[in-house]
Peer 1: 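This is the structure, below, for whatever I ask next.
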2 protein chains.
Amino acid sequence: MTESGDVGWSAARAHAARNRDRLLQSAAEVFARDGVNASLRDVARRAGVGIGTLYRRFESREAVLAALLADSFASLNALGAELESRDDATGSLIEWLSALTDEMRAFPGVPDLVVRAMVDDDSRLHELCRNMARTGGALLARAQSSGGIRSDLTIADLLRVSAAIATIEEQGAERRKSDESTASPTASRMLDIVLDGLRPRSP
Amino acid sequence: MTESGDVGWSAARAHAARNRDRLLQSAAEVFARDGVNASLRDVARRAGVGIGTLYRRFESREAVLAALLADSFASLNALGAELESRDDATGSLIEWLSALTDEMRAFPGVPDLVVRAMVDDDSRLHELCRNMARTGGALLARAQSSGGIRSDLTIADLLRVSAAIATIEEQGAERRKSDESTASPTASRMLDIVLDGLRPRSP
DNA sequence: ACCTGAACACCGTTCAAGT
DNA sequence: ACCTGAACACCGTTCAAGT
């Protein structure tokens, strides 16, 4: 099949790129269904490629996830930059935390992953998470100096809270067999309740 | 080896009981290290029995966990009963939620497990969790009628919050590689902060 | 009655062999 | 250069064979 020189090369490269796209598409579907620890063999199967191809395109499960989540994180950084120029510092922070919580619901297991990656230098998601944290940190500092948010909180605290809420809502979104008294709360209600606790109290 | 009649039987029964104890001991160690989804083969190996014996003594992973967590849940119910007779209704609820959060930190993954079991009729932990929720529900109702807790909250909300905090602290308790700005908050601080949000606000 | 371990159908990950 | 699938070392779970 070897066509001479560049033609063969670029055909192979195009094919490789298509495989990468298919793998990402497939991974998005499988992770959405089975969570971030879903079977990578499943991902490869559904993409119609061999398992070896997956490992050739992505050095690890986290590399796949990093590729899938990169856009989310970029949009959070963009939103943060935009919110910096708003008057309401506290409202800005809360809006950003809401957006973060939403993004973390991409796949089951993402919140956990993000919290761990924040603290693990070796994670493929480490830098992505750290950048995102920097964006949030700026918003937090502004909200704190405006007096709208307790001054003893750190951005690490808030990311953990956000992750916790995202985990809760992720589970609440699943099919429930008995739905009487344990019906899941509205998506944003839990976050609202918890964020209430972040304001300074004047008793 | 077959000794005649009852003697052989009771020896076998005693042996079986000892195996069960060893398995539980081993499971406690392995789950503490690797979380609730740890290898059951590992559990059997460390207990010095065949994998078949584990499955003979416990019909499922959840059955092992139910056996390990039964005491915790019982003590929460006892604590609840005791707190019912205290004057400070809100303080009682908060103390109980603190205790619950602590118990959920038994092994990594327990909070998630409890939240799921609460909603899954088929789980071996379902009844255990439901009873515990009933205990908390009574404390919540009392705190709400005393005016100390927002009236729109349900016990399901609070258990989810507790699970979320327990998850956070469980992760915070792990060895961190970089510990600068992401240092984990003190054990109870997150819970305190969040519980602040549960009080009615008077602006 | 109880215990064991082989057996089955899956994983994640690597790497020789093919094109 | 890229792709494939066998190979290895693991799982969870079941069940025939042993005592």
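What you see below is based on every heavy atom in this structure, not just the backbone, and it leaves out hydrogens, waters and symmetry mates. Throughout, a chain's letter reflects where its sequence line sits, starting with A, and its residues are numbered from 1. Keep in mind that what you see is a predicted model, and the values were worked out from it rather than measured.
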Peer 1: When you check the side-chain N and O atoms of A:Asn77 and A:Thr135, is any donor under 3.5 Å from an acceptor?
Peer 2: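 Yes - a donor-acceptor pair under 3.5 Å links their side chains.
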Peer 1: For D:dC10, take OP1 and OP2 only and decide whether either is under 4.0 Å from a side-chain N or O of B:Arg41.
Peer 2: no
Peer 1: Of all the nucleotides listed (C:dT13, D:dT13, D:dC3), which has the minimum atom distance to the side chain of A:Leu40?
Peer 2: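 Selected nucleotide (nearest to the side chain): C:dT13.
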Peer 1: Give the rounded distance in Å between these two atoms: CZ of B:Arg22 and C1' of C:dC2.
Peer 2: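 About 14 Å, once rounded to whole Å.
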Peer 1: Evaluate the side-chain contact (heavy atoms from CB on, under 4.5 Å) criterion for residues A:Val114 and A:Met104: first the C-alpha distance (whole Å), next the side-chain angles of each, then the deciding distance (0.1 Å), finally the verdict.
Peer 2: CA-CA 8 Å; A:Val114 169; A:Met104 285 199 183; 3.7 Å; yes
Peer 1: Return yes if some donor-acceptor pair links the side-chain N/O of A:Gln144 with the main-chain N/O of A:Leu153 below 3.5 Å, else return no.
Peer 2: yes
Peer 1: Is a donor on one side and an acceptor on the other found under 3.5 Å between the side chain of A:Ser75 and the backbone of A:Ser72?
Peer 2: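 Yes; judged by distance alone, with no hydrogens or angles, the pair exists.
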Peer 1: Students often get this wrong, so: under 4.0 angstrom with heavy atoms, is B:Arg57 touching a base, only sugar-phosphate, or nothing?
Peer 2: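 If one applies the 4.0 Å heavy-atom cut-off, B:Arg57 turns out to touch the sugar-phosphate alone, with no base involved.
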Peer 1: Using a heavy-atom cut-off of 4.0 Å across all strands, would you classify B:Arg45 as base, sugar-phosphate, or nothing?
Peer 2: sugar-phosphate
Peer 1: Counting only Watson-Crick pairs (N1-N3 plus N6-O4 or O6-N4) and G-U wobbles (N1-O2, O6-N3), all under 3.5 Å, who is the partner of C:dA1?
Peer 2: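 When the pairing criteria are applied, D:dT19 turns out to be the nucleotide that pairs with C:dA1.
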Peer 1: Please work out if A:Ser39 contacts a base, only the sugar-phosphate, or nothing of the nucleic acid, heavy-atom cut-off 4.0 Å.
Peer 2: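 Sugar-phosphate contact only - A:Ser39 comes under 4.0 Å of backbone atoms but never of a base.
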Peer 1: Which nucleotide, in any strand shown, forms a Watson-Crick or G-U wobble pair with D:dT14, with both distances under 3.5 Å?
Peer 2: C:dA6
Peer 1: OP1, OP2 of D:dG12 versus side-chain N and O of B:Arg61: anything below 4.0 Å?
Peer 2: yes
Peer 1: Can you tell me the distance, in whole Å, between the OH atom of B:Tyr55 and the P atom of C:dA7?
Peer 2: 18 Å
Peer 1: What's the CD1-P distance between B:Ile51 and D:dC10, to the nearest Å?
Peer 2: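 Checked: the CD1 to P distance equals 15 Å.
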Peer 1: Measure CG/B:Leu65 against P/D:dG12 and give the value in whole Å, please.
Peer 2: 13 Å
Peer 1: In whole angstroms, how far is the P atom of D:dG12 from the CG atom of A:Asn37?
Peer 2: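 After rounding, the reported distance stands at 14 Å.
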Peer 1: Could you give the distance from CD (B:Glu62) to CG (B:Leu128), rounded to the nearest 0.5 Å?
Peer 2: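 Separation between the atoms: 11.0 Å.
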Peer 1: Separation of B:Asn19 atom CG from C:dA1 atom C1', in whole Å?
Peer 2: 12 Å
Peer 1: Starting at CZ of B:Phe58 and ending at C1' of D:dT14, how long is that distance when rounded to a whole Å?
Peer 2: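 It is 18 Å, rounded to the nearest whole Å.
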Peer 1: Counting just side-chain N and O atoms, does B:Arg56 come under 4.0 Å of either OP1 or OP2 of C:dC2?
Peer 2: yes
Peer 1: Categorize B:Ala44 for me: base, sugar-phosphate, or nothing, with a 4.0 angstrom heavy-atom threshold over every strand shown.
Peer 2: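 No contact.
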Peer 1: Any idea which of D:dG5, C:dC3, C:dA6 is nearest the B:Ala16 side chain?
Peer 2: C:dC3
Peer 1: Heavy atoms under 4.0 Å, any strand shown: does B:Asp42 hit a base, just sugar-phosphate, or nothing?
Peer 2: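 Result for B:Asp42 = sugar-phosphate.
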Peer 1: Could you check how far CZ of B:Arg20 sits from P of C:dA1, rounded to whole Å?
Peer 2: 19 Å
